[in-house]
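Every chain is numbered from 1 and lettered A, B, ... according to where its sequence line falls, protein lines coming before strand lines. Keep in mind that this is a model prediction, so the values were computed, not measured.
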Amino acid sequence: MSKSFQSPSGMHDVFGEQYDYFEKIREVFSRMATTYGFEGIEIPIMENAKVFSRGVGEHTDIIEKEMYAFKTKGGDQVALRPEGTAGIVRAYIEHNLYTKSQPIKFFYFAPFFRYERPQAGRYRQFWQFGLETIGKGGPVVDAQIIAVMYNVLRELGIKDLMIEINSMGESKCREDFEKVLKKYLRKESSSLCADCKRRMKKNPLRVLDCKRCIKVKESAPQIVDHICPKCREDFKKVLEYLEELKIPYDLNSFLVRGLDYYTNTVYEFFAPGEEGRLALGGGGRYDGLAKLLGGEETPATGAAMGVERTVLLMKNDGIKVEKEKPKIFIAQLSDLAKRKCLKLFEEFREAKIPVSESFGQDSLKGQMSKANKMKVDYTLIIGEEEAAEDRVIVRDMESGQQESLSTKEVVKEIKKKLK
RNA sequence: GCGGCCGUAGCUUAAUGGUAAAGCACUCGGUUGUGGUCCGAGAGCAUGCGGGUUCGAGUCCCGUCGGUCGCCCCA
């Protein structure tokens, strides 16, 4: 077929098996989040661009080169959301949610957009499932959010999860540390790579993330040694809670998350992928974000995981998602039979037994073939004779044995057989 | 945004520069109302798109669009 159109680069249609994985993740996640007291939220896929540039940070790559930003016909500068947190905090402020009993706990499963060069597990439209707790914060909230995500991923069957964790301190600590780090980097600048020389000025913390400048990092000052006693105490508590919950973690004093709004606890989830390890997602505290968006200073913590990456990992690990498939197929011949089948179909639906059919197909052969492809356990056949006598042939698809039952008892009998 | 590799049917792959093939999947048959296995047949708008070299391009060259991997960054 000659194809005139393709989906935009880095954006994909989700259907078939991929959709089933999405549904599985959505189902496990929303059930888990709900039991921990989180409520679902949906917000617009675009916002005033400032919500992101102020919240995420003017000089982050996300804002500088990855945001889908454009002007509307009315002249508003808007942007497709590159991440979830900033928009949810905007909603929190807009709807005066601080007047409600705190904290507000939200969960979401939604698409996001970043203009980047696509790669496996990295797309221009990608999905995340995430949690935000706003209005009351502290170590216990951090630990709980990590626990929910950990449990979701475990329940999905992902093994060998690793959590790397660090504390960046509150914004004051962070600023102080940046000064100390800058001083050190300036001294070592001759041995820094070209990228890091640039980073040194704009975003010195990111140097700690560099894979090339390992030597320089080794003797670099570490954030945890420079944060204030209160922040250090908070961090220690997070770690204690995680130990209490038996959630394994690794301290990574070089872990720095890219977005400006993070404070204190930051973490990332990893799992072994096909080559090396794969980052599934991460999160952290962002006590300063609400203020950046014009609200009061509000404690908050959140985390988000990449759906496509989770699927990738599930597939790598050979984790299958089982859809609930109908175990019964109804086949019909003749108009009268069709009418009886429609009625029978409703009876099964009321009995909550999923049934499939192919009423549009008239040949029994075709219908049997379809039943076979659907791998049903039993096929009910109603032909002209059966329809007239109010009977149904029940065929066991594995053994090929058939019996004739009256229409009245068939639902009850099938229920028995399926047990 | 930069660099490497890749692009033939729904899928997996063939085709020393010389008629674009096969398997799987699909559809229909193998007597009236019975699936899978088997046998037979059929169908398929396939060389991503656009240029160039050539008597002749799936094959060589350029561009472009996608994909993929790395960088950057991150989910």
Rounded distance (Å) that lies between atom [atom2] of [N] and atom [atom1] of [X]:
X      : N      : atom1 : atom2 : value
A:K370 : B:rC26 : NZ    : C1'   : 13 Å
A:I382 : B:rU34 : CD1   : P     : 17 Å
A:D396 : B:rU34 : CG    : C1'   : 14 Å
A:L278 : B:rA75 : CG    : P     : 12 Å
A:K327 : B:rG35 : NZ    : P     : 24 Å
A:K373 : B:rC24 : NZ    : C1'   : 13 Å
A:R117 : B:rC5  : CZ    : P     : 13 Å
A:E116 : B:rG1  : CD    : P     : 12 Å

Nearest to the side chain of [X], heavy atoms from C-beta on, is which of [options]?
X      : options                : result
A:I381 : B:rG33, B:rG35, B:rC71 : B:rG33
A:E386 : B:rG33, B:rG1, B:rC26  : B:rG33
A:Y123 : B:rU68, B:rG1, B:rG36  : B:rU68
A:L364 : B:rG35, B:rU34, B:rA75 : B:rU34
A:K365 : B:rA75, B:rG67, B:rG35 : B:rG35
A:Q128 : B:rC72, B:rG33, B:rA75 : B:rA75
A:M368 : B:rC69, B:rU34, B:rG33 : B:rU34

Quiz prompt | Validation row: A:E66, A:F113 side chains within 4.5 angstrom (heavy atoms) | solution = no

Quiz item: Quick one: does A:Y108's side chain get under 4.5 Å of A:E132's, heavy atoms only?
Solution: yes

Quiz prompt | Option among A:V148, A:T34, A:I41 that satisfies the side chain to side chain contact (heavy atoms under 4.5 Å, CB included) test with A:F107 | solution = A:T34

Quiz item: Can you name the one residue among A:M67, A:R124, A:E83 that meets side chain to side chain contact (heavy atoms under 4.5 Å, CB included) with A:R114?
Solution: A:E83

Quiz item: Between the side-chain atoms of A:R122 and the base atoms of B:rC69, is any donor-acceptor pair under 3.5 Å?
Solution: no

Practice problem: Quick one: label A:L280 by what it contacts on the DNA or RNA (base, sugar-phosphate, nothing), any heavy atom closer than 4.0 Å. | Solution: sugar-phosphate

Quiz item: Would A:S253 and A:N166 count as having a side-chain donor-acceptor pair, cut-off 3.5 Å?
Solution: no

Quiz item: Who is the Watson-Crick or G-U wobble partner of B:rU32, with both distances under 3.5 Å?
Solution: none

Practice problem: State the pairing partner of B:rG10; accept Watson-Crick or G-U wobble contacts with both distances under 3.5 Å, and report none otherwise. | Solution: B:rC24

Quiz item: Are A:F112 and the base of B:rA75 stacked, counting only ring centres nearer than 5.5 Å and planes tilted under 30°?
Solution: no

Expressed in whole Å, how much space separates the [atom1] atoms belonging to [N] and [M]?
N      : M      : atom1 : value
B:rU68 : B:rG36 : P     : 38 Å
B:rC6  : B:rA14 : P     : 13 Å
B:rG48 : B:rC11 : P     : 13 Å
B:rU16 : B:rC60 : P     : 11 Å

Quiz prompt | Closest non-hydrogen atom pair between A:G87 and A:F52, with its separation | solution = N-CE2, 4.4 Å

Exercise. Verify the contact: side-chain N or O of A:Q402 to OP1 or OP2 of B:rU34, cut-off strictly under 4.0 Å; return yes or no.
Key: no

Quiz item: Can you tell me if the side-chain N/O atoms of A:S9 get under 4.0 Å from OP1 or OP2 in B:rG67?
Solution: yes

